Asker: 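Mind looking over this structure? Questions follow.
Just so it is clear, the values below take in all heavy atoms, side chains as well, and ignore hydrogens, waters and symmetry mates. All figures in this text were calculated on a predicted structure; none of them were measured in a lab.
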Amino acid sequence: IVNILSKESRNIRVSEFIKIQKRLKSQHKITRKSLLEKEQALRNIKFINRLDLLNLDLEIKKENYPKYKRQLYGTNIQIAELEDKVKNLKNQLKNQPNARIKEDLVKEKALLQSLMSRKGFIIKATKKLHDEIPDLQNQVQSLTLKEKQLDREVRYLRQTYENLSLGLEE
C-alpha cells in the first residue's frame, strides 16, 4: 500500500509539474508576443511622432517669438520717426513749395508705407507664434507621456518575459 501511495503521490506531483510547465510555456509565449507587439508599437510611435523634430520646432518658435517682438518694437519706433518726418516735410512744402521737398516727401511716404506693411507682417507672425507655441508645448508633453508609458510597458513585459524564461530553464 505504501508503494502504491508513493507511486500515486509521485504521479500527482509529476502531473502538477507538467501542468505548471504548460502554464509557464503558455504565459511565456503570450508574454513574448505582447512584448514584441509593444516594442513594435513603441518603435512606430517614435517614428511617427518624431518628438525630436517637434521639440526642435518648438525651440525655434520660442527663439523667434521674442525676436519678432523686438522687431515690432523697432519698426514702431521707425514708423513714429517717419511720421514726424513726413509731417515736417508737409509743413515745409506748405510754407515753401519746392521740388526737392516734394521728392523727399514722396520717398518718405513710400518708406512709411513699406514699414507699415512690414509691421503688419510682424504682427501676424508674432500672433501666429503666440498661438502655436502653447499648442506645440501641449502636443510635445502629451506625446512624451505616451512614449514614456509605452516604454514602461515594454520594460515590464521584458522583465516578465525574462523571469518566465528563467522559470522554464529550471
Side-chain angles (χ1 to χ4, degrees), residues 11-86 107-170:
N11 286 342
I12 291 173
R13 283 185 294 192
V14 168
S15 173
E16 287 296 317
F17 179 76
I18 290 172
K19 286 179 186 177
I20 291 171
Q21 192 72 7
K22 283 182 181 178
R23 255 189 260 127
L24 269 176
K25 282 182 181 179
S26 175
Q27 286 178 335
H28 184 263
K29 186 177 180 181
I30 291 169
T31 303
R32 183 174 189 272
K33 183 180 177 193
S34 295
L35 174 61
L36 293 175
E37 288 172 358
K38 289 289 183 185
E39 285 176 335
Q40 185 61 43
L42 182 59
R43 282 191 295 274
N44 288 345
I45 277 189
K46 284 185 176 187
F47 179 76
I48 291 168
N49 290 350
R50 294 307 308 232
L51 207 50
D52 53 341
L53 295 178
L54 223 49
N55 270 322
L56 185 62
D57 188 33
L58 178 60
E59 290 308 313
I60 289 170
K61 287 179 179 183
K62 281 181 173 180
E63 284 178 21
N64 286 339
Y65 184 70
K67 289 178 186 176
Y68 282 7
K69 297 278 277 188
R70 283 190 302 274
Q71 284 180 358
L72 182 59
Y73 179 75
T75 302
N76 282 335
I77 290 173
Q78 288 178 319
I79 288 171
E81 290 171 351
L82 268 176
E83 285 174 339
D84 285 344
K85 200 171 187 181
V86 166
K107 286 180 185 176
E108 296 301 324
K109 279 184 175 181
L111 185 56
L112 183 62
Q113 187 61 36
S114 170
L115 284 174
M116 295 298 272
S117 296
R118 180 178 180 197
K119 178 182 176 179
F121 168 78
I122 294 171
I123 288 172
K124 286 179 187 175
T126 304
K127 180 169 178 9
K128 184 178 177 190
L129 286 177
H130 182 266
D131 295 343
E132 286 178 353
I133 288 173
D135 292 341
L136 202 51
Q137 285 173 323
N138 289 338
Q139 187 179 6
V140 165
Q141 185 180 22
S142 172
L143 294 175
T144 301
L145 290 174
K146 284 180 184 178
E147 282 187 19
K148 283 182 179 179
Q149 177 61 32
L150 256 178
D151 189 53
R152 278 192 293 267
E153 290 175 24
V154 166
R155 283 193 314 242
Y156 172 77
L157 284 171
R158 190 173 291 128
Q159 184 63 43
T160 303
Y161 177 75
E162 289 170 2
N163 290 341
L164 288 172
S165 295
L166 288 174
L168 282 176
E169 288 175 9
E170 294 171 359

Asker: Going by the rule side chain to side chain contact (heavy atoms under 4.5 Å, CB included), which residues pair with S34 if we only count those two or more places apart in sequence or in a different chain?
Answerer: I30, L157
Asker: So, using side chain to side chain contact (heavy atoms under 4.5 Å, CB included) as the criterion, who are the partners of I18 when residues are at least two apart?
Answerer: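 Partners of I18 under the side chain to side chain contact (heavy atoms under 4.5 Å, CB included) test: V14, K22.
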Asker: Restricting to salt bridge (Lys or Arg N to Asp or Glu O under 4.0 Å), what partner residues turn up for K25, sequence neighbours left out?
Answerer: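 Expected list: none.
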Asker: With rounding to the nearest 0.5 Å, note down the distance linking CD in Q113 to CG in L115.
Answerer: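 So the CD of Q113 and the CG of L115 are separated by 9.5 Å.
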Asker: What pairs with L56 under side chain to side chain contact (heavy atoms under 4.5 Å, CB included), at least two apart in sequence or on another chain?
Answerer: I60
Asker: Which heavy atom of V86 sits nearest to which heavy atom of L112, and what is that distance?
Answerer: CG2-CD2, 4.5 Å
Asker: Drop me the distance from L42's CG to Q40's CD, to the nearest 0.5 angstrom.
Answerer: 9.5 Å
Asker: What donor-acceptor contacts under 3.5 angstrom involve side-chain atoms of residues 148-156, with partners at least two apart or in another chain?
Answerer:
| residue | atom | partner | partner atom | Å |
| --- | --- | --- | --- | --- |
| Q149 | OE1 | R152 | NH2 | 3.0 |
| Q149 | NE2 | E153 | OE2 | 3.2 |
| D151 | OD2 | R155 | NH1 | 2.9 |
| E153 | OE1 | K38 | NZ | 2.7 |

Asker: In chain order, what residues pass the salt bridge (Lys or Arg N to Asp or Glu O under 4.0 Å) check against D52, with sequence neighbours excluded?
Answerer: R50
Asker: Can you tell me which residue pairs pass the ring pair (Phe, Tyr, Trp, His ring centres under 6.0 Å) test with a partner in residues 19-38, sequence neighbours excluded?
Answerer: H28-Y161
Asker: Could you list the residues that satisfy side chain to side chain donor-acceptor pair (under 3.5 Å) with N163, not counting sequence neighbours?
Answerer: Q159
Asker: So do I79 and T75 actually touch side chain to side chain, heavy atoms under 4.5 Å?
Answerer: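 Yes, close enough: below the 4.5 Å cut-off.
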Asker: Identify every side-chain donor-acceptor pair in residues 125-145 under 3.5 Å, counting partners at least two apart or on other chains, and give the distances.
Answerer:
| residue | atom | partner | partner atom | Å |
| --- | --- | --- | --- | --- |
| T126 | OG1 | I122 | O | 2.7 |
| K127 | NZ | D131 | OD2 | 3.1 |
| E132 | OE1 | K61 | NZ | 2.6 |
| N138 | ND2 | P134 | O | 3.4 |
| T144 | OG1 | V140 | O | 2.6 |

Asker: Using the test salt bridge (Lys or Arg N to Asp or Glu O under 4.0 Å), find all partners of K119 that sit at least two apart in sequence or belong to another chain.
Answerer: none
Asker: Restricting to side chain to side chain contact (heavy atoms under 4.5 Å, CB included), what partner residues turn up for I77, sequence neighbours left out?
Answerer: Y73, E81
Asker: Using the salt bridge (Lys or Arg N to Asp or Glu O under 4.0 Å) criterion, which residues pair with R43? Sequence neighbours excluded.
Answerer: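 In terms of salt bridge (Lys or Arg N to Asp or Glu O under 4.0 Å), with neighbours along the sequence ignored, R43 is linked to no residue.
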Asker: State the NZ-CG distance between K62 and N55, to the nearest 0.5 angstrom.
Answerer: 8.5 Å
Asker: How many angstroms lie between CG in L53 and CG in L58, if you round to the nearest 0.5 Å?
Answerer: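 The distance works out to 12.5 Å.
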Asker: Just so I know, are the side chains of L164 and T160 near enough to count as touching, which here means a heavy-atom distance under 4.5 Å?
Answerer: yes
